[in-house]
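Proteins get letters first, then strands, A, B, ... in listed order; numbering begins at 1 in each. Since the structure is predicted, the reported quantities are computational estimates derived from the model, not experimental observations.
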Amino acid sequence: MILSAVAVGLILVNLYTDWLNPVREQLGSVAAPFNWVTNVPTVISEWGQDTFVSRTELKAENDALQSEILIHRRKLQQMAALAAENVRLRQLLGSSDMLQDNVLVAELIGVSPDPMRHALVINKGRRDGVYMGQAVLDAFGLMGQVIEVNQGTARVLLITDASHALPVQVNRNGVRAVAEGSGDLNRLHLRHVSNTTDIRPGDVLVSSGLGQRFPVGYPVAEVERVVRDPGMPFATVIAKPKARLDRSRHLLLVFGNEEAGLD
Amino acid sequence: MIDLLRGHNRWMLLLPILLGLLLSVYPLPLELRWWRPAWVLLIVIYWLFTAPEDFSLTFVFGLGLVQDLITGSPLGQHSLGLVIVSYICLQSYQRVRNYARWQQALWVFVLVGISQVIGNWVYSMSGLTVSGMQFLYPALTSALLWPLMFRILEIFRTANRIS
């Protein structure tokens, strides 16, 4: 009886305050060995794929990568000119310069076993300078933010978790909105979009940087469906995350120009 | 001598539990995530049926906290479920361990169901809503797994001469 009361107390403290966060950070390292062990089969299969691969396959992959790098190089040449132009125009407007973000590559070592919570465990922690609230990307878009930092690992909350929301902006016209997680890995909902807002399927949503948590301008999602029901106060907008939330194994941790001032 | 052996073998009780903790974080494909049996709870139920004198509710509570830390759920979610189910087990083990295996499986369904309902309650407090009866799937898989689980743990127990 007493123990269940203690447990209920703990749950309430944990849900409604952050007093237990330091405790979690200290004890969270307990989880690391479990994540390492469950990750072993993946590591072995990756090693197998790397080791037992024929020369022709390697050659083919190499060729594909070569042509990809060529395409990216071409884009980069344009980028340099565009970036310079952007800086000049920003100076003309008197607004502050865009800063280049530093990134750190992390590897996925575990996923939340709990189907209701969309979270990942990565192999970078306080040792590597990871901090609470840090934005996490993959090669395609924004994935989520760091919610727990341990010594050598960190837990990342995905943007589709039902308790997550982030400020976004339509890339085409700059309309701002808040994208909420739906608990479904392939869907985000946009909150409070009025029926007259110019937003349509195919629009790319990028992070707007409002809220000071996520860096500006990273692709978040693509609008999939807009339902305008005159009887409802707001339009229903459903978007599909750009990041491959359930497939990416290599993630990027973005270091903003300043650390998010979180406790 | 017998006491010495017993004292040594008590630590063997922890081995399946550690394995259960591993299985409870082992990554599963998305579609199967709801069907993951409640491994730790199943193993604890088995030990409570066969070696109730070696377990205290405090230990079970601590185990729940460890599971919470590993799975990243609010501290106490698994503890609460484990403690309540263990209490019921400790009250009823003398009766239930004489049941036929399939009857025990039904009982396991109810027990895991109770812990899932508690977990669901914690979900709804943290603002997550579960649609439908999905949260009872683990109870079903756990109950189906019970006879096999019982067999394996029975072999493990006799091999290591635990209680």
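- Using a 4.5 Å heavy-atom threshold, the side chains of P74(B) and R117(A) count as touching.
- Environment of CD in Q103(B): crowded, with over 12 heavy atoms of neighbouring residues, nucleotides or ligands closer than 6.0 Å.
- Rounding to the nearest 0.5 Å gives a distance of 10.5 Å between CZ of F34(A) and CG of L69(B).
- Highest contact tally toward chain A, considering only L21(B), L75(B), V83(B), is held by L75(B) [criterion: heavy-atom pairs under 4.5 Å].
- Interface remark: V25(B) contributes backbone and side-chain atoms alike to the contact with chain A (heavy atom separation under 4.5 Å).
- For the pair P27(B) and T38(A), the minimum side-chain heavy-atom distance is below 4.5 Å.
- Using a 4.5 Å cut-off between heavy atoms, D246(A) contacts chain B through its side chain alone, with no backbone atom that close.
- Of the two parts of S73(B), the backbone and the side chain both hold a non-hydrogen atom closer than 4.5 Å to a non-hydrogen atom of chain A.
- Ranked by heavy-atom pairs shorter than 4.5 Å toward chain A, the options Y26(B), Y123(B), F61(B) are led by Y123(B).
- Contact of P41(A) with chain B is made through the side chain alone, with heavy-atom distances under 4.5 Å.
- By number of non-hydrogen pairs under 4.5 angstrom with chain A, the leading residue of W34(B), F135(B), Y87(B) is W34(B).
- With a 4.5 angstrom heavy-atom cutoff, I147(A) does not touch chain B via any of its atoms.
- Contact of V60(B) with chain A is not made at all, since no heavy-atom distance falls under 4.5 Å.
- A distance-only check finds no donor-acceptor pair linking the side chain of R36(B) to the backbone of P115(A) [under 3.5 Å].
- When the shell of 6.0 Å around CZ of R126(A) is examined, it contains more than 12 heavy atoms from other residues, nucleotides or ligands.
- Within a 6.0 Å sphere centred on CZ of R151(B), heavy atoms belonging to other residues, nucleotides or ligands number 12 at most.
- For L82(B), no part lies under 4.5 angstrom from a heavy atom of chain A.
- By the neighbour-count criterion of 12 heavy atoms within 6.0 Å, atom CZ of R176(A) is sparsely surrounded, having that number or fewer from other residues, nucleotides or ligands.
- Only the side chain of W121(B) comes within less than 4.5 Å of a heavy atom in chain A; its backbone stays farther off.
- Residues satisfying the ring pair (Phe, Tyr, Trp, His ring centres under 6.0 Å) test with H250(A), not counting sequence neighbours, are none.
- Shortest non-hydrogen contact noted between P113(A) and S24(B) is CB-O, 3.0 Å.
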